[in-house]
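Worksheet for the structure shown next.
This is a predicted model, so every value here is computed, not measured. The sequence lines fix the lettering, A, B, ..., with proteins before strands; numbering per chain opens at 1.
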Amino acid sequence: MPELPEVETIRQRLIKGFEQSPSILNQRVRSCQLLWSGSLATPNPQTFLSFMPGQEILAVNRRAKFLYFSLSDAYLVVHLRMSGDLYLEKQTETAPYRNPDHDRFWMDFDSGWRLVFNDMRKFGRVWLLNDTSKLFSKLGPEPFDEKLTAEVFYGMLRERSRQLKPLLLDQHFIAGIGNIYSDEALHKAGLHPTRVSSSLNGDEAKKLLDSIRFVLSKGIDQKGASIDWVYRGGDFQNYFQVYQQEGNPCPRCGHPIEKIKVAQRGTHFCPVCQRRSS
DNA sequence: CTGGCTCCCTGAATGC
DNA sequence: TGCATTCAGGGAGCCA
């Protein structure tokens, strides 16, 4: 499930080229195909398909878990949600590691390369917009934003009284964190997932922010995590301390990792290293 | 403001 | 073996 590090990895690969694939920058769209119209959030398919040909990819950026492509005359925004992925491959070939039955959308470039949006569970969405500000307006800060200091983060935690786990998952609070990295960050910080945000002191807030940045950086360094049948290449899964480690010893103290439900989400933690009050 | 729940989806895992 | 049920998960939206 792509979170910030996975989305960032995809972005870097599209920009720099990956394996045999070239950079997507300056590629010109020749034609598009929408294989499942539900993937298109806006506009309607006819408008979308007639607009795209001739557009060039000028930039690829990321906001939270959204990827957005600056085109000649608009923005193409993609959210991968659970199972989405993007592949740049030759129009005549299908990469062996994906199932073409789950292709939802692609665009063919003049160069003979094709950008494929593949999404088994159909939760992912594509938007064609003149302006991204409305779509992004309610998102919380980027975790690596320099303006997000420990003091600011402490204030954000204090003005809410929510459990830490659902708060970290809330994209309006802070952007880009999903289930894997929230569990890893809370373990690194030694904080219980149900601890109430307003109960943290300044040191704990700083430790949590540092831990969020540490695990996200590590994830980016490892080119993301490859779990389930989704995504490929990254190996952050080999560095999980708690995520999907139920019953395995905590790397820090050796106590078995427990799995509970918090706000309907599977949550992994060490009951010794992450006590409810500390 | 907060939590709880549903919906959207598919396929792997589990149960009988 | 084969069928049915359960579960996972990001995010929007609804209700209490």
Using a strict cut-off of less than 4.0 Å between a Lys/Arg side-chain nitrogen and an Asp/Glu carboxylate oxygen, indicate whether A:D108 and A:R30 qualify as a salt bridge.
-> no

Is the distance between the ring centroids of A:W127 and A:Y68 less than 6.0 Å?
-> no

Flag this pair as yes if the NZ/CZ of A:K188 is under 6.0 angstrom from the six-membered ring centre of A:F214 and inside a 45 degree cone about the axis; otherwise no.
-> yes

Name the nucleic acid region contacted by A:R160, choosing base, sugar-phosphate or nothing; use a 4.0 angstrom heavy-atom cut-off, strictly under.
-> sugar-phosphate

d(CZ, A:R121; P, B:dG11) in whole Å = 9 Å

Report yes if at least one side-chain N or O of A:H102 is closer than 4.0 Å to OP1 or OP2 of B:dT10; otherwise report no.
-> no

Write down the distance between NZ (A:K138) and P (B:dC1), rounded to a whole number of angstrom.
-> 12 Å

Side-chain N or O of A:R162 less than 4.0 angstrom from OP1 or OP2 on B:dG3?
-> yes

Roughly, in whole Å, what's the span from CG in A:L4 to P in C:dG11?
-> 11 Å

Under 3.5 Å donor-acceptor pair, A:R265 side-chain atoms to C:dG10 base atoms | yes

To the nearest angstrom, how far is A:Q264 atom CD from C:dG10 atom C1'?
-> 13 Å

Between A:Y243 and C:dA8, does any side-chain N or O lie under 4.0 Å from OP1 or OP2?
-> no

Are any of the side-chain nitrogens in A:D203 or A:K207 under 4.0 Å away from the carboxylate oxygens of its partner?
-> no

Between CG of A:D85 and C1' of B:dT10 the distance, given in whole Å, is 16 Å

Provide, to the nearest angstrom, the distance between the CD atom belonging to A:Q244 and the P atom belonging to C:dG9.
-> 8 Å

Which of C:dA8, B:dC9, B:dG11 is nearest the side chain of A:K261? It is C:dA8

So, is A:K259 near the phosphate of C:dA8, with a side-chain N or O under 4.0 Å from OP1 or OP2?
-> yes

Below 4.0 angstrom from OP1 or OP2 of B:dT10, is there any side-chain N or O of A:K122?
-> yes

Picking from C:dA8, C:dG11, C:dG10, the nucleotide nearest the side-chain atoms of A:Q171 would be C:dG11

Under 5.5 Å and under 30°: A:F123 stacked on C:dG10 = yes

Is it the case that A:H102 and A:N118 place a side-chain donor and acceptor less than 3.5 Å from each other?
-> no

Give the rounded distance in Å between these two atoms: CE of A:M82 and P of C:dG10.
-> 5 Å

Would you mind reading off the distance between A:L80 atom CG and B:dC9 atom P, rounded to a whole angstrom?
-> 17 Å

Between A:A263 and A:R81, name the one whose nearest nucleotide on DNA chain B is closer to the 5' end.
-> A:A263

Presence of A:H172 side-chain N/O under 4.0 Å of C:dG11 phosphate oxygens OP1/OP2 | no

